[in-house]
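Have a look at the structure below before the remarks.
Chain A is the first sequence line, chain B the second, and so forth, proteins listed ahead of strands; every chain is numbered from 1.
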Amino acid sequence: MSSSETSPILELREVTTHYGPIQVLKEVNVEIRAGEIVCLLGGNASGKTTTLKTILGYVEPTEGQVLLDGEAINGIATDDRVNKGISMVPENRRLFKRMTVMENLQLGAYLRRDKDEIGQDMERVFDLFPRVKERLSQRAGTLSGGEQQMVAVGRALMARPKVLLMDEPSMGLAPVLVAQNFEIIEQINEQGTAVFVVEQNANMALSIADRGYVLQTGRIVLADTAQGLLNNPQMRQAYLGEI
Amino acid sequence: MTELLAARQVKLGDAIKTGLVAGIVAIFVSAIGMVQRFDSRIIFSSVTFSYVLLIGIFAGSGYQAARPPLRLEGYEAPKAGVRNVLAGLLAGTAGGILLALFILVAGTANLRPIFPNISPELVEILAFGRELGLGATLAALAAAVLGLLGGALQLVPQRLKKAIGGTFLWIVLFALLRGVLAPVTRGLGITSLTDLLYERQGLSIAGLVAVAVVVFSSYFFLAGRVRAARGGLERLPENRRRIVVLAGLAVVTLFLGAIPQVVGVFLSEVLSAAGIFLLMALGLNIVVGFAGLLDLGYVAFFAVGAYTTAVLTSPISPRFTPELTFWAALPFVILTAAIAGIMVGTPVLRMRGDYLAIVTLGFGEIARLLFLSDWLEPTFGAARGIRRVPDIALGPIVMKGPQDYYYAILLFVLLAAYVSWALQESRIGRAWMAMREDESVAEAMGVNIVAAKLWAFVIGAIIASFGGALFATRIGSVFPQTFSVVVSVTILVLVIVGGLASIPGVMLGALALVALPELLREFEQFRFLIYGALLIFMMLKRPEGLIPSRRRTRELHEEEVEQDAWLKAEAAKQEAN
Ligand SMILES: Nc1ncnc2c1ncn2[C@@H]1O[C@H](COP(=O)(O)OP(=O)(O)OP(=O)(O)O)[C@@H](O)[C@H]1O
Ligand SMILES: [Mg+2]
């Protein structure tokens, strides 16, 4: 499927977001199409998390539109957006620490009522992460960082999202785990979920992404295919660790 | 495998500190008049309740001082031994010496102008009625021995420990609750039982032995059985389990229904008063325990329920007098309570923790002041309140005395308990749980935070308004002074002491903390002191409450585990050096 032919599932159109008087995003344009992995790269405080918060409705853009399946979802409550098929793995994973792994997964499916299919999705999560299945009755806060990441991804998948938002999945993980993590993201994507991944680890993110955007102090400064970005000299210097 | 480090030992210096604290507590309860007040209540022979209190303080300090330190990974398991008993003795001695000094000072200098309760009678009690020097020495010795005994209790196996502690507690309870037991045995026609158990004052020898034997053996032999039975019940297949549970419920209902007939008017009155608090504690448990919203103005909803009922049913409520029956007024009570819940809930939607507590505290006071205000006097009667609230009637039957009211209150309590239980297992229950843990992530799971919070406030408000409605008809009048912040605080204490989010815990907490002071007048004066002390004790030693909910236990012991992990790392570091 060539991505340019399909219309985007999720789109930010000229989005500007403020926290009070402070402008954090300025005229951001992002598109995520069905079947794609798209990454958003940027340094600290460039506005990556804010972009995700704007998509989920934690903050409302002061200008511009967020569109899901071509329909503007500005002003809609967060839970309705989740219901429409957006799901997130938050920064630092943020599991419900004092609940068990099982309860965390169940809460991921909070809005769903199709019991049988929830069971199937649970199995799918176990296929992706066999380790999670071994630890179902353990308190989530006592899991290792890598395990927590698995549960956080599993929990987000339990909502059966159309688009999965991931906020810095590689943060605080050992390099081996980071690589594993990105393999899993690819697998999830192959099973039909569009993924929008926010990262500082540009090399890793671009290695699995179809396309990428670069955010600098709230503005998109580069937008290209992953290959294009990898070859971009400006990009190589600023984000890919080359001098 | 690295070798385990030698077990950590109790620190004797800490033991002395514990003892000194106990000594200060003993002096404190003496100086505020508790000891003297409790001296009129005889437990057994010449042992009065004030001695029991002091025994508890000093033996408790010994027990606490001798407690082996937490077992940490990387260390051998600590074992109680001679050193632990010594720690108990040290604690008792330290506390005893403080108390002896106090006796000497109080017996020679006149402290009454500053501490009116430090009287010659108090000194006489503390010195066992002996001459000052001898009495002080005896007191110190007694405290030391008690500390030693308390410390020695750490050596006995867990099961025996529980049995001994339990026996001590129940003997005291039996002695205190004579006034409860007497009408019960009269109602059942077995007064010979109370005659056997009690002397003119306090327990008889036969009573003491009987209670001790029965309690001790049931603790000792039933230990673990109850839990095993519960586990067995859980393993039963669904349909069989349902039958057992239903049968159990039927028995409990019959039992609850028979109570007022057996215990008579006075106890029914006490139970009704406690029942209203219990009802409200169940309601607040939903708000605080389930949804994690610390509401310090809960009394507002109690007041709304009481005033709505009074205005709608009383023939002389100032502004209008539709003179509805209790039942016809009830839908309006629910409606106004729900509106009040939304009115309080909406402005605080974005507030958390301490801010929420402060703002709701304000709302509670505002409600009271509104009912008291001259502005609304035509409707609510200001300070004069509303009188002649009629009794509840069911068709031709009018509920008259406390025995009748007991049933009305029981009905609402059962309803609230059922609602709590059903909510806990429901979708909204899960939403509350997630929200309590992490509000913004719960939102990302699709929990509608606004709705979840408002539902908690509204359901809590409705249950409190039932309490208010029952209160208004039972007393027959409402006055604004009743609805002070003290009510909110009391209900919160019941919820916390019983066990946040634990339905049986909240019930036990309410009965124990409201009914007991009603029954034992000498407690009444110290009620809030005891509540405060209990709160502190519970928060430090048993934050999960009397009967914890399983989840809360898990939550609260998490920090210990984390600390353990930290200490383990520290231990490893030490080892490396
Ligand atoms: N609630 C808030 N109120 C005010 N300012 C905020 C708020 N949240 C974020 N900001 C500011 O917005 C800017 C962008 O924050 P954001 O969290 O989106 O950065 P980020 O790109 O995710 O950074 P990081 O890589 O460190 O996570 C920062 O300067 C931050 O201080
Ligand atoms: Mg961020």
**Study point:** Distance under 6.0 Å and angle within 45° of ring axis: Arg427(B) vs Tyr110(A)
**Key:** yes
Point to revise | CZ/Arg241(B): more than 12 non-hydrogen atoms of other groups inside 6.0 Å | key: yes
Check your understanding: Which heavy atom of Ala444(B) sits nearest a heavy atom of Leu56(A), and at what distance?
Key -> CB-CD1, 4.5 Å
Check your understanding: Sub-3.5 Å donor-acceptor pair from the side chain of Tyr58(A) to the main-chain atoms of Glu443(B), do we have one?
Key -> no
Point to revise | Pairwise distance CG(Asp79(A)) to CD1(Ile449(B)) - rounded to 0.5 angstrom | key: 8.5 Å
Point to revise | Interchain contact, Ala451(B) with chain A, by part (heavy-atom threshold 4.5 Å) | key: neither
Point to revise | Shortest non-hydrogen separation from Phe96(A) to Val441(B) and the atoms involved | key: CZ-CG1, 3.8 Å
**Study point:** chain B contact via Arg113(A) - side chain, backbone, both or neither, heavy atoms under 4.5 Å
**Key:** side chain
Check your understanding: If you look at every heavy atom in Leu107(A) and Ala434(B), which pair is closest and at what distance?
Key -> CD1-CB, 3.7 Å
Check your understanding: So Ser87(A) and Met445(B), side chain to side chain contact (heavy atoms under 4.5 Å, CB included) or not? Walk me through it.
Key -> CA-CA 8 Å; Ser87(A) 172; Met445(B) 301 295 108; over 6 Å; no
Practice item. Give a yes or no on whether a salt bridge exists between Arg98(A) and Glu437(B), defined as a side-chain N under 4.0 angstrom from a carboxylate O. Key: yes
